[in-house]
Amino acid sequence: MLSQDFFNDEFLEKRVDTFYGYGNYEGHYWFIGMEERGEDFQDIDEKRINIWSNRGKCEIDDVAEYHIDMETWDERIQPTWNKLIRIVLSAKGTRCDRYVKLH
């Protein structure tokens, strides 16, 4: 099957061109990554793109609220976020092992 069989091209193009990720333009720290993981076409199209559209097609969004809407929010610290949290805590001079389980 071709990708056009799965994606709404208009939403996909708009998201690629205008969605920058999660956070706050006024934030003290910015982490820039290559991509956002998706399980499969259904996860990307039906969940991520449609929920992004329903939430107002924001340039940046709140990571927790977005993933709650996707029904994928888990309060455990995801491994990628674990490392970013450790960087911020270290930059603030805070002992990381008090807040983030070290592996």
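Two residues are said to be in side-chain contact when any heavy atoms from C-beta on lie closer than 4.5 Å; Phe31 and Val88 meet this criterion. At least one side-chain heavy atom of Lys14 sits under 4.5 Å from a side-chain heavy atom of Trp52. Counting only heavy atoms from C-beta outward, the side chains of Arg48 and His67 approach each other to under 4.5 Å.
Taken from OH in Tyr29 to CD1 in Ile87, the straight-line distance is 11.0 Å, to the nearest 0.5 Å. Between atom CD1 of residue Ile51 and atom CG of residue Asp61 there is a gap of 10.5 Å, rounded to the nearest 0.5 Å.
Scanning for side chain to side chain contact (heavy atoms under 4.5 Å, CB included) contacts around Glu65 gives Arg55, Asp62, with sequence neighbours left out. Tyr22 pairs by the side-chain hydrogen bond (donor to acceptor under 3.5 Å, both in side chains) definition with Glu36, not counting sequence neighbours. Looking at residues two or more places apart in sequence or on another chain, you find a side chain to side chain contact (heavy atoms under 4.5 Å, CB included) between Ile60 and Tyr20, Tyr25.
For Ile49 against Tyr66, the heavy-atom pair with the smallest separation is N-OH, 4.5 Å. The shortest heavy-atom contact between Val63 and Trp73 is O-CZ3, 4.1 Å.
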